[in-house]
Amino acid sequence: MMHLSKGLSAMQIRFGSLYSFIGHEKTLYIFCIFTEQRKTITFEADIVSLAINSKHCLVLLANGQLQKYDPLEERLSCLNFLGIELDSINATKGSITHLACGECITVACTSTNAIYNIPNLTTTLPKHVRIRKVVAGFEHCLMLTTNGDVYSWGGGLRGQLGNGEIVAVNDRPCVVNGLAGVKVIDIAADGWHSAAVSAFGDLYTWGWNNQGQLGLQDPQHRERVVSLPQLVSFSGEEDLMVEKVHCGIGHTVVEVVGVDRKKQQISEVSVNWTAPSKEKPNN
């Protein structure tokens with residue numbers, strides 16, 4: 001049994017394919033899903049953020065350190081990549097503010113608006129851009145800014161970048177033009193699909209719909225690649241507004257609330273829940 005103290009630091013919880021992680025104050029708790037294996041690691045500073053994939057867990061500490069833990073080898077290492085590459089003479093390395101892990105991409109954003117595909121500097125955004133949230137699928141990333149714009153980059157062979165193109169990779173963050181004019185308040189990504197929630201409570205999804213994870217009922221989208229954001233409709237639930245969205249490998253879950261905001265409930269828009277297919281997408 002695990003006992004957590006009632007400290008002020010927020011609890012960080014992440015679920016992976018083999019391991020689950022809980023970060024609370026200075027302690028990281030590791031649980032193996034298939035065995036009774038339990039492990040704890042204590043750091044010298046409080047845990048601020050966690051990001052995981054099937055291979056490792058990134059732990060951001062309050063003192064600015066970024067630690068990488070490999071549960072299979074039970075190995076902990078410090079990642080010192082900031083400042084290795086700078087985009088100008090006057091650039092400073094800043095501190096890490098956001099983390100996201102995919103299977104093929106691991107992203108860190110800094111207080112100076114630098115975006116790293118660790119350990120390499122990808123780009124530095126203009127100073128007026130303020131990052132609100134960063135998420136990652138297997139091969140791609142989404143970034144939400146405070147003014148409601150969504151950027152995407154990374155692998156795009158399954159339409160997960162949302163710009164109407166099927167591309168192998170886009171190295172630099174680009175605005176998702178399919179959401180132009182839409183103020184977005186939340187984003188999610190996993191596997192090969194993406195989702196966004198507008199300020200009006202609408203849900204948009206795009207990417208690979210091989211398992212119905214986009215929640216699109218139109219036959220033309222069934223088991224297809226959808227390369228532009230599509231508005232998801234909830235049949236018979238016209239009075240619901242989406243507040244948050246969460247993506248799994250083959251499903252999407254949204255938190256919704258009635259227009260009168262008196263009754264909150266959870267709605268799953270996935271047609272089914274199975275492991276992702278290894279088949280190539282149908283373009």
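What you see below is based on every heavy atom in this structure, not just the backbone, and it leaves out hydrogens, waters and symmetry mates.
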Side-chain heavy atoms of [X] within contact of [Y], under 4.5 Å:
X	Y	value
F138	Q160	no
I131	L125	yes
I52	C101	no
V257	L240	no
T252	V245	yes
N163	S152	yes
L58	L79	yes
Y116	L82	yes

Any sub-3.5 Å donor-acceptor pair from [X]'s side-chain atoms to [Y]'s backbone N or O?
X	Y	answer
R222	Q217	yes
Q220	D218	no
Q213	Q211	yes
N63	Q65	yes
N177	A180	no
N113	P126	yes
N209	H221	yes
D171	T122	no
W208	V225	no
D70	H56	no

Next item on the list: Could I get the full list of side-chain contact (heavy atoms from CB on, under 4.5 Å) partners for D202, not counting sequence neighbours?
Entry: S198, F200, Y204, L231

Notebook entry, point to check: For C104, which residues count as a side-chain contact (heavy atoms from CB on, under 4.5 Å) partner, sequence neighbours excluded?
Noted result: E139

Counting neighbours of [atom1] on [X] that are heavy atoms of other residues, nucleotides or ligands and sit closer than 6.0 Å, is the number greater than 12?
X	atom1	value
K133	NZ	yes
Q37	CD	yes
R38	CZ	yes

Write down the atom of [X], the atom of [Y], and the distance for their closest heavy-atom approach.
X	Y	value
I47	K26	CD1-C, 4.3 Å
N210	E223	O-CG, 3.8 Å
G178	L228	CA-CD2, 4.5 Å
D186	K244	OD2-CA, 3.3 Å
S20	I33	OG-CG1, 4.1 Å
G159	W206	O-CD1, 3.3 Å

Transitive ILVMFWY side-chain link [X] to [Y], under 4.5 Å:
X	Y	value
L28	L76	yes
V254	V232	yes
L66	L121	yes
F21	F43	yes
V197	V175	no

For the [atom1] atom of [X] and the [atom2] atom of [Y], what is their distance to the nearest 0.5 Å?
X	Y	atom1	atom2	result
T123	N120	OG1	CG	13.0 Å
Y19	N53	OH	CG	13.0 Å
L144	I187	CG	CD1	5.0 Å
T42	E44	OG1	CD	11.5 Å
Y69	L50	OH	CG	13.0 Å
T40	I30	OG1	CD1	7.0 Å

Check: What's the verdict on side chain to side chain contact (heavy atoms under 4.5 Å, CB included) for L142 and W153, showing C-alpha distance, side-chain angles and the deciding distance?
Finding: CA-CA 7 Å; L142 298 182; W153 70 98; over 6 Å; no

Next item on the list: Output every pair passing side chain to side chain donor-acceptor pair (under 3.5 Å) with a member in residues 96-106, not counting sequence neighbours, ordered by first then second residue.
Entry: S54-E103, K55-E103

Checklist line | CA sep, side-chain torsions, deciding dist, call: V59, I41, side chain to side chain contact (heavy atoms under 4.5 Å, CB included) | finding: CA-CA 11 Å; V59 183; I41 299 174; over 6 Å; no

Margin query: Let's go through C57 and R14 carefully: what are the C-alpha distance in whole Å and the side-chain angles of both, what is the deciding distance for side chain to side chain contact (heavy atoms under 4.5 Å, CB included) to 0.1 Å, and is it a yes or a no?
Written below: CA-CA 9 Å; C57 174; R14 300 291 183 270; over 6 Å; no

Margin query: What verdict does the side chain to side chain contact (heavy atoms under 4.5 Å, CB included) test give for W192 and L157, after you've listed the backbone C-alpha separation in whole Å, the side-chain angles of each residue and the deciding distance to 0.1 Å?
Written below: CA-CA 9 Å; W192 294 285; L157 286 177; over 6 Å; no

